[in-house]
Structures are given as C-alpha cells and as structure tokens.
Amino acid sequence: MDNFVNQFSDLWDSFITSVRGGLRKAAEENALTYGRAKAVLAERALSWQGDYEAEGRWINAVVKADPVKGKKVRQILTRDMAFQAEDEPSQSVLPQVIGAIGGGAAGYGIASALNFGTAGTIATTAIPLVAGAIAGNIYAGKQKYAAIDRTIDAYVGQLDSYYHSVIAVINA
C-alpha cells in the first residue's frame with residue numbers, strides 16, 4: 001500500500017494546484033463567494049470519479065487491491081469532500097478616499113502657505129489629490145489581492161483533513 005500512498009500524494013498535489021487555480025480564476029472573473037468555491041471544488045473533484053482521469057484510475061486500482069479500503073477512499077474523495085464557508089474577500093474604497101483627501105489637503109496647505117493665486121491653489125491642490133487617489137488605489141488593489149490569497153489559502157487548507165483521512169485509510 002506504500003505505493004498507493006506515494007501515488008496519492010502526487011495526485012493530491014496536482015488536485016490542490018487545480019483547485020487553487022480554479023479559485024483564483026473565479027476570484028478574477030467575479031467575487032470569490034462560498035457558492036463559487038463549492039462549484040470549483042465540485043468541478044475539480046470530478047477527476048476522482050472518472051475512469052479517464054489519473055485520479056479516477058488510481059481509485060479504481062485501490063478498489064481492485066482492497067475493495068473495503070477503496071470504497072472508503074472513494075467515499076471520502078467523491079462524497080465527503082466539501083468546503084465550509086470562509087469570509088469573502090472584500091474591497092474598500094476607503095484607501096482611495098483617504099489618499100485623495102490627504103493629497104488634496106496637503107496641496108491646499110502648501111498653496112495657502114505660499115500664498116498662491118486661485119489658479120496656483122487649484123493646481124497645487126488637484127495634483128496631490130489625484131496622486132493621493134492613485135496611491136490609495138494601488139494600496140487598495142494590493143489589499144484586495146492579499147484578501148483573495150488569504151481566502152483561497154483558507155479554502156485549500158480545509159482540504160488537508162481529507163488528504164490525511166485518505167492516507168489513514170490506506171495505511172490502516
């Protein structure tokens with residue numbers, strides 16, 4: 001059964017990569033919701049059920065070698081494996097607003113201190129305002145991608161227990 005464990009570990013790594021990629025694609029296309037995450041897992045888990053995928057052929061080999069263990073492994077990977085809801089990554093416009101207000105206030109303060117005229121005050125206020133908004137937008141984008149990464153990691157982390165369950169069944 002050691003060979004089955006090694007084969008499963010390799011197949012599992014590919015499966016996890018596929019799930020992670022599916023979750024990333026779902027997040028890029030639209031919001032990464034619990035429903036979308038479940039759909040990605042369900043789609044990727046089909047590979048454990050078919051005879052044409054390496055994962056499905058592996059399960060069939062386990063069933064052939066030990067029908068009782070194979071049946072348990074099949075149940076874990078095709079029926080039991082599921083996600084629990086995770087917090088959805090959120091996007092805030094607050095950094096953009098804070099950056100714009102901060103930049104505009106700084107520019108206005110400089111214009112007032114240097115006694116610029118109306119045109120100078122407008123230019124000195126508008127340029128930092130736009131730059132602050134852009135900087136806030138960049139920061140918000142980084143925060144958004146970090147939140148998506150945390151959510152994807154949380155979903156993928158939930159699958160560890162199924163991996164360990166299959167290994168335990170095979171080694172039993």
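Judged by distance alone, with hydrogens and angles left aside, the side-chain atoms of Arg20 form no donor-acceptor pair with the main-chain N or O of Ile152 at under 3.5 Å. Between the side chain of Thr151 and the backbone N or O of Ala147, at least one donor-acceptor pair lies under 3.5 Å. With hydrogens and angles disregarded, no donor-acceptor distance shorter than 3.5 Å links the side chain of Lys64 to the backbone of Gly70.
Taking the ring centroids of Phe8 and Trp48, they lie under the 6.0 Å cut-off.
Rounding to the nearest 0.5 Å gives a distance of 5.0 Å between CG of Asn60 and CZ of Arg74. Considering CD of Glu43 and NZ of Lys38, their distance stands at 15.0 Å, rounded to 0.5 Å. Note: Tyr155 OH to Gln84 CD = 9.5 Å, rounded to the nearest 0.5 Å. In this structure, CG on Asp149 lies 11.0 Å from CG on Leu23, to the nearest 0.5 angstrom. Once rounded to the nearest 0.5 Å, the distance linking CD1 of Ile170 with CD of Gln7 reads 9.0 Å. Note that OG of Ser47 and CD of Glu55 are 3.5 Å apart. Values are rounded to the nearest 0.5 Å.
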Pair Asn171-Phe4, side-chain contact (heavy atoms from CB on, under 4.5 Å): steps then yes or no: CA-CA 9 Å; Asn171 287 332; Phe4 284 125; over 6 Å; no
Could you go through Arg150 and Asp153, starting from their C-alpha distance and side-chain angles, then the distance that decides it, and tell me whether this counts as side-chain contact (heavy atoms from CB on, under 4.5 Å)? CA-CA 5 Å; Arg150 283 190 301 275; Asp153 288 345; 5.7 Å; no
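Between Tyr163 and Leu77, the closest side-chain pair of non-hydrogen atoms is not below 4.5 Å. Looking only at side-chain heavy atoms (C-beta outward), Val156 and Phe83 stay at 4.5 Å or farther from each other. Residues Leu159 and Phe15 meet the side-chain proximity criterion, which asks for heavy atoms closer than 4.5 Å. Taking 4.5 Å as the limit, some side-chain heavy atom of Arg24 sits within range of a side-chain heavy atom of Ile148. Using a 4.5 Å heavy-atom threshold, the side chains of Glu86 and Tyr34 count as separate. Contact of the Val62 side chain with the Asp66 side chain is not registered, since no non-hydrogen atoms from C-beta on lie closer than 4.5 Å. Using a 4.5 Å heavy-atom threshold, the side chains of Val63 and Lys71 count as separate.
Residue Ala82 comes nearest to Gln158 through the heavy atom pair O-OE1, 4.2 Å, listed as atom of the first residue, atom of the second, then distance.
Tracing side-chain contacts under 4.5 Å through hydrophobic residues (I, L, V, M, F, W, Y), one reaches Ile16 starting from Val5; they form part of the same cluster.
Judged as a side-chain contact (heavy atoms from CB on, under 4.5 Å), and not counting sequence neighbours, the contacts of Asp80 are Gln75, Ile76, Tyr162. For Arg36, there are no side chain to side chain donor-acceptor pair (under 3.5 Å) partners, not counting sequence neighbours.
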